[in-house]
**Q** 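Sharing a structure, written as structure tokens. Questions coming.
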Amino acid sequence: MTDTKPIRRIAIIGTGVIGASWSSLFLAKGLQVVATDIAPNAEAALRKFVETAWPALKRLGLSPGASQSNLTFTPDIAQALAGSDLVQENGPERIEFKQKLYGQLDELLPPDVIIASSSSGLTMSEIQKGAASHPERCVIAHPFNPPHLIPLTEIVGGAKTSEATIRRATEFYTSIGQRTVRLNKEMPGHVANRLQAALSREVYYLVAEGVVSAADVDTALSWGPGLRWGVMGSLMLNHLGGGPGGIEHFFQQFTGPMTAWWKTLGSPVLTPDVQKKLIDSVHAEAGSRTIAELEAERDEILLGLIELRKKAAKPS
């Protein structure tokens, strides 16, 4: 695989929520996007998503050449792939489907075109078994939803993924403003979703046990550690938590209490009764606010935080 070919034309395979969000981001970065999906009304839904996302992307800053007119749609996958420099695949999370699709992509694409999967639940080692000729150009590039706003991409190679592919994919996603995380080992759920899952387990446990309501546990998270996590990650905050002595003093001070808490963490079973308790508590927290209203609230605050972090970021 050559490392010199610029990535300017992206083929989007699958235009559901993730595919549409990726499309919006790529367009905002001045790239050409050719999308394909066989679902009914897929093109109309995609264009509506991009149009709705555009004001937020404009607020964050459009790259030179950015335009919604750079979006092309075709139901024909071969047409979508023609001339593409990178494929962002967002198909269903079914291994048989993925392997068959990757066999098709492998046959249709030149060997220097990266095939990047948004998969959150499947490993690239399994997916790339479908790409018999050039499995080395297949890689996981997993976003955090919605990718047009959340600038995180997890890069995970499979057993046959080349280092050149990892490097080139990392350089590409970094070039469009994503913060990339390289996983040195394949793990189910990658990293960000595993962290979410670990926290969700304790949240569900506390609500199910009647320790706290959904509203109060969400307040504890979003107005406590969540505020700090919006600035720095857990380990760097531990470093600050140790005061002048840093991470070394943190472990001296808190290893005992922290490991004692670990022993009392819950492992809830999501029975129908437990789910109902969680659902009822969440609806009580949401009140009369619709999903659309809650999404708008989330995105407005998120945009402000992203803008603030951009101002504070060190020049790269």
**Q** Regarding S21 and S24, is there a side-chain donor-to-acceptor distance under 3.5 Å anywhere?
**A**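 Checked: S21/S24 side chains show no N/O donor-acceptor pair below 3.5 Å.
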
**Q** Kindly determine whether R168 and I7 satisfy side chain to side chain contact (heavy atoms under 4.5 Å, CB included), including the steps that lead there.
**A** CA-CA 10 Å; R168 191 161 173 238; I7 295 175; 3.7 Å; yes

**Q** Which atom pair, heavy atoms only, marks the closest approach of A116 to A141?
**A** CB-CB, 3.9 Å

**Q** Testing the basics here: between F144 and A192, what is the closest heavy-atom pair and its distance to 0.1 Å?
**A** CE1-CB, 3.5 Å

**Q** Between K277 and D273, does at least one N-O distance fall below 4.0 Å, as a salt bridge requires?
**A** no

**Q** Under a plain distance cut-off of 3.5 Å, with no hydrogens placed, do E107 and S133 share a side-chain donor-acceptor pair?
**A** no

**Q** Assigning hydrophobic clusters by single linkage (Ile, Leu, Val, Met, Phe, Trp, Tyr; side-chain heavy-atom cutoff under 4.5 Å), is L183 placed with L195?
**A** yes

**Q** Could you walk me through whether E154 and R182 pass salt bridge (charged side-chain N to carboxylate O under 4.0 Å, His left out), step by step?
**A** CA-CA 6 Å; E154 297 174 316; R182 163 76 187 273; over 6 Å; no

**Q** I'd like to check N145 versus I150 (side-chain heavy atoms, cut-off strictly below 4.5 Å). Are they in contact?
**A** no

**Q** Are Q79 and T74 close enough that a side-chain donor and a side-chain acceptor fall under 3.5 Å?
**A** yes

**Q** So, do L101 and I77 sit near enough that their side-chain heavy atoms are less than 4.5 Å apart?
**A**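 Yes, at least one pair of side-chain atoms sits under 4.5 Å.
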
**Q** So do Q99 and E126 actually touch side chain to side chain, heavy atoms under 4.5 Å?
**A** yes

**Q** Going by atom types only, do T161 and Q128 share a side-chain donor-acceptor pair under 3.5 Å?
**A** yes

**Q** Determine the minimum heavy-atom distance between V50 and A20, stating which atoms define it.
**A**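 Reported closest heavy-atom pair: CG2-O, 4.4 Å.
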
**Q** Salt-bridged, E297 to R289, with N to O below 4.0 Å?
**A**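 Yes, charged N to carboxylate O under 4.0 Å.
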
**Q** Please test R47 against E51 for salt bridge (charged side-chain N to carboxylate O under 4.0 Å, His left out), starting from the C-alpha separation and ending with a verdict.
**A** CA-CA 6 Å; R47 293 190 183 278; E51 184 179 359; over 6 Å; no

**Q** How many angstroms lie between atom CG of D106 and atom CD1 of I115, to the nearest 0.5 angstrom?
**A**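 The CG atom of D106 sits 5.5 Å away from the CD1 atom of I115.
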
**Q** Just do the ring-ring contact (aromatic ring centres under 6.0 Å, His included) check on W22 and Y173 with the steps written out, would you?
**A** CA-CA 11 Å; W22 270 129; Y173 290 102; 5.6 Å; yes

**Q** To the nearest 0.5 Å, tell me how far K129 NZ sits from C138 SG.
**A**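 Output value for this atom pair is 13.5 Å.
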
**Q** State, yes or no, whether a side-chain contact exists between T36 and T15 at a heavy-atom distance under 4.5 Å.
**A**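 When only atoms from C-beta onward are counted, T15 and T36 do not touch, as no gap falls below 4.5 Å.
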
**Q** Evaluate the side-chain proximity of L81 to V87: yes if any heavy-atom separation is below 4.5 Å, no if none is.
**A**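 SC-SC contact between V87 and L81 confirmed.
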
**Q** Would you check if F73 and V34 make a side-chain contact, meaning some heavy-atom pair closer than 4.5 Å?
**A** no

**Q** Report the hydrophobic cluster partners of V211, with the cluster defined as I, L, V, M, F, W, Y residues connected by side-chain heavy atoms closer than 4.5 angstrom, directly or transitively.
**A**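 For the cluster that includes V211, the remaining residues are L199, V203, Y204, Y205, L206, V207, V212, V217, L221, W229, V231, M232, M236, L237, L240, L270, V274, L278.
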
**Q** If you round to the nearest 0.5 Å, how far is CD1 of I155 from CD of E171?
**A**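 Going from CD on E171 over to CD1 on I155, the span is 11.0 Å.
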
**Q** Using the side-chain contact (heavy atoms from CB on, under 4.5 Å) definition, which of the options S23, S118, S119 pairs with I18?
**A**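 Going through S23, S118, S119 one by one, the side-chain contact (heavy atoms from CB on, under 4.5 Å) with I18 is satisfied by S118 alone.
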
**Q** For E186 and S125, does a side-chain donor sit closer than 3.5 Å to a side-chain acceptor?
**A**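 Yes, side-chain donor-acceptor contact under 3.5 Å.
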
**Q** Can we call the ring centroids of F49 and H148 under 6.0 Å apart?
**A**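 Yes.
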
**Q** Kindly determine whether E300 and R59 satisfy salt bridge (charged side-chain N to carboxylate O under 4.0 Å, His left out), including the steps that lead there.
**A** CA-CA 11 Å; E300 178 63 24; R59 177 173 161 181; 3.1 Å; yes

**Q** Is any side-chain heavy atom of D112 closer than 4.5 Å to a side-chain heavy atom of D85?
**A**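 No, side chains not in contact.
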
**Q** So, do I10 and Q32 sit near enough that their side-chain heavy atoms are less than 4.5 Å apart?
**A**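 Of all side-chain heavy-atom pairs linking Q32 with I10, none is under 4.5 Å.
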
**Q** Could you report the tightest heavy-atom contact between S288 and E293, atom names first, then the distance?
**A** O-OE1, 4.0 Å

